[in-house]
Amino acid sequence: MIHPASGFRGTRAGVTEGTGFSFESEDHGKALPRIQVSYWCAKGHETRPVFVKLPEDQIPLVWDCRRCGAPASRDGQAAAAADAMDDGYKTHLEYVKERRSGQDAEDVLAGALEKLRARGVLADELLRDT
């Protein structure tokens, strides 16, 4: 509970100029110049992050789209090319194929089918090699 005579009542962290009490010196320094840069993804969404004004070569060429998460570029063309090459997401099956060979998959399938046949869930005639 705040004491009613407290000098902190009605103030907040980061008090701005002209809002009452200031517990810092009046010289807050100067804000750095900022620029807003436009990026477009392959779907045409525009993302406009704000950066401290930097030399052109230090501003990122690619940024993630805030709406769909796809890569976005400053001209929109590089993003479309990058999106066409790789969407960045893999399915569960793609991860499994990276870990297992075709022979491993066949061995796992044969083992699972044998277990089902032993329990009587799968008829012997189904899925037998002919």
Side-chain donor-acceptor pair present, R66, T47, cut-off under 3.5 Å:
no
Does R100 pair with E106 as a salt bridge, N-O distance under 4.0 Å?
no
Please lay out, stage by stage, how R48 and V37 fare under the test side-chain contact (heavy atoms from CB on, under 4.5 Å).
CA-CA 5 Å; R48 299 186 69 195; V37 180; over 6 Å; no
Would a single hydrophobic cluster contain both V52 and I35, if residues Ile, Leu, Val, Met, Phe, Trp and Tyr are joined by side-chain heavy-atom contacts under 4.5 Å?
no
To the closest 0.5 Å, what do you measure between CH2 (W63) and CZ (F51)?
4.0 Å
Starting at CG of L32, measure out to NZ of K53 and round the result to the nearest 0.5 Å.
12.5 Å
NZ-OG1 distance between K97 and T91, expressed to the nearest 0.5 angstrom:
7.5 Å
R99 vs E94, salt bridge (charged side-chain N to carboxylate O under 4.0 Å, His left out): CA-CA, chis, key distance, verdict:
CA-CA 9 Å; R99 292 193 316 263; E94 289 171 327; over 6 Å; no
If you measure from CD1 on I59 to OH on Y39, what distance do you get to the nearest 0.5 Å?
6.5 Å
Taking R117 first and then E114, would you say they form a salt bridge - that is, a charged N and a carboxylate O separated by under 4.0 Å?
yes
Could you check whether any side-chain heavy atom of C41 comes within less than 4.5 Å of a side-chain heavy atom of C68, counting everything from C-beta outward?
yes
For the CG atom of D75 and the OG atom of S38, what is their distance to the nearest 0.5 Å?
12.0 Å
When you group the ILVMFWY residues by side-chain heavy-atom contacts below 4.5 Å and let the links chain together, are L109 and L116 in the same group?
yes
To check you understand the geometry: which heavy-atom pair defines the closest contact between P71 and V62, and what is its length?
CB-CG1, 3.9 Å
